[in-house]
Amino acid sequence: MVGIIMGSDSDLPIMQEAIDILEGFDIQIEVDIVSAHRTPEKLVDYSKNAHLRGIKVIIAGAGGAAHLPGMVASMSPLPIIGVPIKSRNSIDGWDSVLSILQMPGGVPVATVALDGAKNAGILAAQIIGTSDKCVLDKIIAYKEGLKLKVEQASERVKK
C-alpha cells in the first residue's frame, strides 16, 4: 500500500496524478491531508505509524515552504517521495522544490519535478515492484507502452 498525503486539499489536482497511476497498477492507496504546519500532531502520528498500517511507501506533496515530505522522512522508516507543488503563494515553485530537495544527510527524500506527482506514483510502484512480481510485470508493460507510443509517433512524423 502507498500512502499519499498532501498539505491541503488545494494540492489534490496535482496529487490526483499519483492516485491515478497507482490505481492503474492496482496498488492499494491511502489518501489524506496532513499539514506540517496546521496539524503537527497528526503529522507525527502519521509518520510514526504508517508502516504499522501496511504502508510501504509515502508520497508527500506540498507547496510553499513544503516541509511535509522532510518532516515525514524525519520520523518514518519508510521511503518518502516528495512532490513539490507550485501553489498560489509559491515563488515560481522554487521554494517548494528546494524545501524538499535540500534535505540534510541521514534524512533522504526522493524528490520528483515540480508538480511531478505522476512520476512519484511510478517511482512508488517501482519500489513496490522490487518485492511484488505482479506489480513489476505491470511496470514492465507500462514502460513497453511508453516505448510503443514513441515508436508510433516517430512513424507518423516520418510520413
* Please examine the side chains of Lys143 and Gln126, heavy atoms only from C-beta on, and report whether any two atoms are closer than 4.5 Å. => yes

* To do: Treat each ILVMFWY residue as a node, draw an edge where side-chain heavy atoms are under 4.5 Å apart, and state whether Ile5 and Ile27 are in one component.
  => no

* **Considering all heavy atoms, the nearest Ala18-Ala117 contact** => CB-O, 3.3 Å

* Do the side chains of Val107 and Tyr46 join up, straight or via other hydrophobic residues, at under 4.5 Å, putting them in one cluster? -> yes

* Does some side-chain heavy atom of Lys118 sit less than 4.5 Å from a side-chain heavy atom of Ile122? -> yes

* Single hit among Leu114, Leu68, Val97, Asp115 for side chain to side chain contact (heavy atoms under 4.5 Å, CB included) with Ile85 -> Asp115

* Asked: Quick one: does Ser99's side chain have a donor or acceptor within less than 3.5 Å of a partner on Asp95's backbone?
  -> yes

* To do: Considering non-hydrogen atoms only, spot the tightest contact between Ser96 and Gly64 and give its length.
  => OG-N, 2.8 Å

* **Rounded distance [0.5 Å steps], NZ in Lys149 versus OG in Ser154** => 16.0 Å

* **hydrophobic_cluster_shared for Ile80 and Ile19, side chain cutoff 4.5 Å** => no

* **Close side-chain approach of Leu43 and Met75, heavy atoms under 4.5 Å** => yes

* **Rounded distance [0.5 Å steps], CD in Gln28 versus CD in Glu23** => 11.0 Å

* **Gly93 to Lys86 - nearest heavy-atom pair and separation** => N-CG, 4.0 Å

* Asked: Ignoring hydrogens and geometry, is there a side-chain-to-backbone donor-acceptor pair from Asp132 to Ile128 under 3.5 Å?
  -> no

* **Test item: Arg38 and Ser8 side chains (from C-beta on) under 4.5 Å apart, heavy atoms** => yes

* Name the one of Val83, Leu101, Ile100 that satisfies side chain to side chain contact (heavy atoms under 4.5 Å, CB included) with Val112? -> Val83

* Heavy atoms only: give me the nearest Pro77-Ser47 pair and the separation to one decimal. => CD-O, 4.4 Å

* Asked: Hey, quick one: are Leu136 and Leu123 part of the same hydrophobic cluster, counting side-chain heavy atoms closer than 4.5 Å, chains of contacts allowed?
  -> no

* Structure fact -> Closest non-hydrogen atoms of Phe25 and Ala125, given as atom of the first, atom of the second and distance, are CD1-CB, 3.6 Å

* Asked: Going hydrophobic residue to hydrophobic residue with side-chain gaps under 4.5 angstrom, can you get from Val157 over to Leu146?
  -> no

* **Separation of Met1 CE from Glu30 CD (nearest 0.5 Å)** => 5.5 Å

* To do: Only one of Ile127, Ile55, Val72 passes side chain to side chain contact (heavy atoms under 4.5 Å, CB included) with Leu78; say which it is.
  => Ile55

* To do: Could you tell me which non-hydrogen atom of Ala50 sits nearest to which non-hydrogen atom of Ile58, and how far apart they are?
  => CB-CD1, 3.9 Å

* Side chain of Lys42, backbone of Ile33: donor and acceptor closer than 3.5 Å? -> yes

* **4.5 Å side-chain heavy-atom contact, Gln16 and Pro13** => no

* For residues Ile59 and Met15, determine if any side-chain heavy atom of one lies less than 4.5 Å from a side-chain heavy atom of the other. => yes

* Asked: Does Ser76 reach the main-chain N or O of Lys48 with its side chain, forming a donor-acceptor pair under 3.5 Å?
  -> no

